[in-house]
Amino acid sequence: MNVITKTVSLPDGRTISIETGKVAKQTDGSVVLRMGNTVLLATVCAAKDAVPGTDFMPLQVDYKEQYSAAGRFPGGFTKREGKSGDNEILTSRLVDRVLRPLFPSNYHAEVYVNIMLLSADGVDQPDALAGFAASAAMACSDIPFECPISEGRVARINGEYVINPTFEQMKEADMDIMVGASAENIMMVEGEMKEVSEQDMIGALKAAMAAIKPMCELQTELSKELGTDVKREYCHEVNDEELREQIRKETYDKCYAIAEAGDHDKKSREEAFDKILSDFQEAYDAAHTEITPEELDEKHAEMVRYYADVMRDSMRRCILDEGKRLDGRKTTDIRPIWCEVSPLPMPHGSSIFTRGETQSLSTCTLGTKMDEKLVDDVLERGYQRFLLHYNFPPFCTGEAKAQRGVGRREIGHGHLAWRGLKGQIPEDFPYTVRLVSQILESNGSSSMATVCAGTLALMDAGVPMKKPVSGIAMGLIKNPGEEKYAVLSDILGDEDHLGDMDFKTTGTRDGLTATQMDIKCDGLSFEILEKALMQAKAGREHILKCITDTIAEPRAELKPQVPRIVQIEIPKEFIGAVIGPGGKIIQQMQEDTGATITIDETDG
């Protein structure tokens with residue numbers, strides 16, 4: 001066995017070790033990561049060839065926590081781990097979002113990354129280590145990959161930034177941010193805060209970058225030592241450069257004209273872009289009658305790929321050179337907004353929030369203690385009193401397909417909105433609260449529409465929110481080697497897809513409450529990041545005014561259909577008398593009154 005172990009230190013002196021060559025040796029790459037008593041195994045396997053016809057990166061990241069890691073049995077009848085829980089899915093997404101952009105754009109072989117929690121004592125938080133472990137496994141393989149990355153959690157505790165804090169330390173934190181980065185560039189940010197300033201957030205990102213750089217350098221050393229710095233050869237795309245150039249020459253000006261026209265309607269824009277490609281294909285087919293139908297199909301597939309690059313370049317140049325976006329807006333403009341509360345008569349609270357072609361119908365339901373959600377993860381056990389569920393049916397984008405179960409994307413978007421709102425629900429509010437956001441239309445930033453519609457529904461239900469919350473998604477256009485750039489407010493779906501950044505922030509009038517950022521370009525300076533944050537703040541304030549113009553403050557009275565809760569404090573010595581022998585007294589009171597009675601013991 002050729003066992004290699006590398007160690008890196010965190011700013012506070014704690015160490016993380018990476019070991020390879022001992023277990024899971026039939027994979028393309030595997031490592032065991034240790035930090036204290038927390039142990040993760042990360043493996044990566046890639047297919048040798050791409051499935052014919054694949055034109056995307058088929059990456060699957062799965063993070064799984066074993067109950068045996070904490071010396072526990074899983075719940076349920078089978079007493080074994082089942083499908084991934086929300087916590088595992090969210091951690092998988094955090095790793096996926098950093099790894100995915102670093103595969104070559106023409107690499108299409110299936111890649112599976114598995115991360116398993118094998119040991120945990122409840123001191124260190126394993127989700128903050130998953131990205132480091134996954135990237136180290138990639139570094140031990142010959143799978144084509146641009147550069148090592150790592151992830152780390154930054155918390156601010158008593159004014160100081162702490163990297164990868166313990167569970168106990170997190171109780172005192174006013175900021176909880178996960179950062180994924182290479183040695184040179186931030187690539188992913190996600191987290192929640194207690195109304196902090198934009199400058200505070202930038203400080204946290206700088207602290208994270210300083211801690212992540214040594215982790216990336218460790219992986220580079222490991223890769224060189226193993227000889228995996230030379231990656232495998234592959235050929236997943238056959239390109240016709242003459243055809244690529246012909247498409248650019250004949251379609252670029254037409255695409256630029258559509259981008260410059262500023263059509264507000266998403267569908268008409270799509271139809272105009274599609275017509276350019278279909279016209280080109282028809283002309284090409286007519287001029288190449290000697291080509292077989294099978295060869296034409298292959299050429300058409302190539303055309304779609306080349307044309308996507310033309311659309312991307314024309315849209316980006318129109319923004320950079322003329323400051324004009326696809327729907328005609330300037331870079332700082334917010335789409336038209338209209339809001340409504342109580343559109344539905346029977347839910348405890350309801351709202352519609354529409355921004356451009358993105359629309360959320362949200363409902364708020366108030367329940368009792370018995371409606372709390374039981375959380376039974378490997379390292380977290382307890383109850384949640386505030387729930388938020390986000391649904392994204394296919395019809396919201398005009399797709400004709402069946403709606404299946406909740407996907408990873410829906411879980412991730414709902415979680416971001418939940419983080420943005422949860423700090424504004426008073427801790428002494430006696431009700432369990434459930435928000436449901438149904439996305440009825442989508443053209444960019446439906447998770448931020450959920451935050452805004454959620455605020456409206458909560459206030460409509462009479463939940464005494466501390467402060468209303470709004471959210472916005474920002475974008476960036478920046479070409480490599482070019483000084484010129486554009487920060488975009490309230491991005492469209494196409495601007496997300498064709499741009500270099502998707503940066504969402506939520507906040508009250510006094511500060512940020514949550515953020516999520518994915519960056520697809522190199523060299524994003526903190527100067528650009530600060531500009532994006534301040535532009536986002538101005539956009540959020542505009543949206544917040546639209547919300548408060550619709551409903552200025554939470555309703556003073558709950559609606560008639562909301563169950564009423566009365567809290568009565570009784571001395572501990574009388575609890576037994578209230579319950580009675582075998583629960584006889586409390587059951588009789590519930591039967592006589594029709595009320596649900598719950599007892600919650602508190603200290604003090």
Side-chain angles (χ1 to χ4, degrees), residues 335-373 384-398 403 406 410 413-414 417-418 420-422 424-426 429-443 445-471 506 543-567 593-596 598:
R335 288 172 288 177
I337 293 171
W338 68 265
C339 314
E340 182 182 342
V341 292
S342 292
L344 303 173
M346 290 312 295
H348 300 162
S350 61
S351 69
I352 295 175
F353 177 86
T354 306
R355 184 184 56 242
E357 294 173 303
T358 297
Q359 184 177 74
S360 169
L361 169 65
S362 289
T363 57
C364 176
T365 307
L366 304 180
T368 67
K369 184 175 177 60
M370 298 179 72
D371 295 310
E372 291 178 346
K373 177 186 175 182
Q384 279 185 6
R385 292 179 51 251
F386 174 51
L387 314 176
L388 190 151
H389 296 136
Y390 164 100
N391 296 317
F392 192 87
F395 69 74
C396 73
T397 55
Q403 184 172 359
V406 178
E410 289 170 294
H413 279 50
W418 175 80
L421 290 168
K422 69 170 187 170
Q424 302 307 310
I425 310 287
F429 187 58
Y431 289 90
T432 299
V433 181
R434 180 184 183 229
L435 278 177
V436 179
S437 172
Q438 305 286 356
I439 303 302
L440 304 184
E441 294 182 49
S442 180
N443 185 13
S445 190
S446 55
S447 60
M448 297 297 93
T450 294
V451 171
C452 300
T455 294
L456 289 162
L458 286 166
M459 293 201 290
D460 182 55
V463 176
M465 291 184 73
K466 298 174 187 175
K467 296 167 193 170
V469 181
S470 63
T506 72
I543 296 167
L544 196 57
K545 184 177 186 305
C546 296
I547 290 172
T548 54
D549 285 349
T550 303
I551 179 168
E553 56 188 26
R555 295 193 187 280
E557 296 289 333
L558 302 177
K559 294 184 179 179
Q561 62 268 36
V562 177
R564 266 39 182 187
I565 291 180
V566 177
Q567 290 179 307
T593 63
T596 299
T598 60

(Q) Take a 6.0 Å sphere around CD of Glu553 and say whether it holds more than 12 heavy atoms from other residues, nucleotides or ligands. (A) no
**Q.** Polar side-chain atom of Glu410 near backbone of Phe392 as donor-acceptor pair, under 3.5 Å
**A.**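 Answer holds: yes.
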Q.
Is it the case that the side chain of Arg564 and the backbone of Val562 share a donor-acceptor pair, with hydrogens and angles ignored and the cut-off at 3.5 Å?
A.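 Yes, the answer is positive, given that a donor and an acceptor are paired below the 3.5 Å cut-off.
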Q: Take Thr450 and Ile439 through the test side chain to side chain contact (heavy atoms under 4.5 Å, CB included) and record every step on the way to the result.
A: CA-CA 8 Å; Thr450 294; Ile439 303 302; 3.7 Å; yes
Hey, does [Y] have a side-chain heavy atom less than 4.5 Å from the side chain of [X]?
X: Tyr431; Y: Ile565; result: yes
X: Met459; Y: Met465; result: yes
X: Ile337; Y: Cys339; result: yes
X: Val436; Y: Thr365; result: no
X: Leu440; Y: Phe395; result: yes
X: Ser445; Y: Arg355; result: yes
X: Pro430; Y: Gln567; result: yes
X: Ile543; Y: Met448; result: no

Without hydrogens or angle criteria, can the side chains of [X] and [Y] be said to hold a donor-acceptor pair below 3.5 Å?
X: Thr363; Y: Arg434; answer: no
X: Tyr390; Y: Ser446; answer: yes
X: Asp460; Y: Ser351; answer: no
X: Lys559; Y: Ser342; answer: yes
X: Thr397; Y: Ser442; answer: no

(Q) Between Ile547 and Leu456, is the side chain to side chain contact (heavy atoms under 4.5 Å, CB included) condition met? List the steps. (A) CA-CA 7 Å; Ile547 290 172; Leu456 289 162; 3.7 Å; yes
Q) Between Cys396 and Gln438, does a side chain to side chain contact (heavy atoms under 4.5 Å, CB included) hold up when you go through it step by step? A) CA-CA 9 Å; Cys396 73; Gln438 305 286 356; over 6 Å; no
Q | side-chain hydrogen bond (donor to acceptor under 3.5 Å, both in side chains) between Ser437 and Ser360, worked out | A | CA-CA 6 Å; Ser437 172; Ser360 169; 2.8 Å; yes
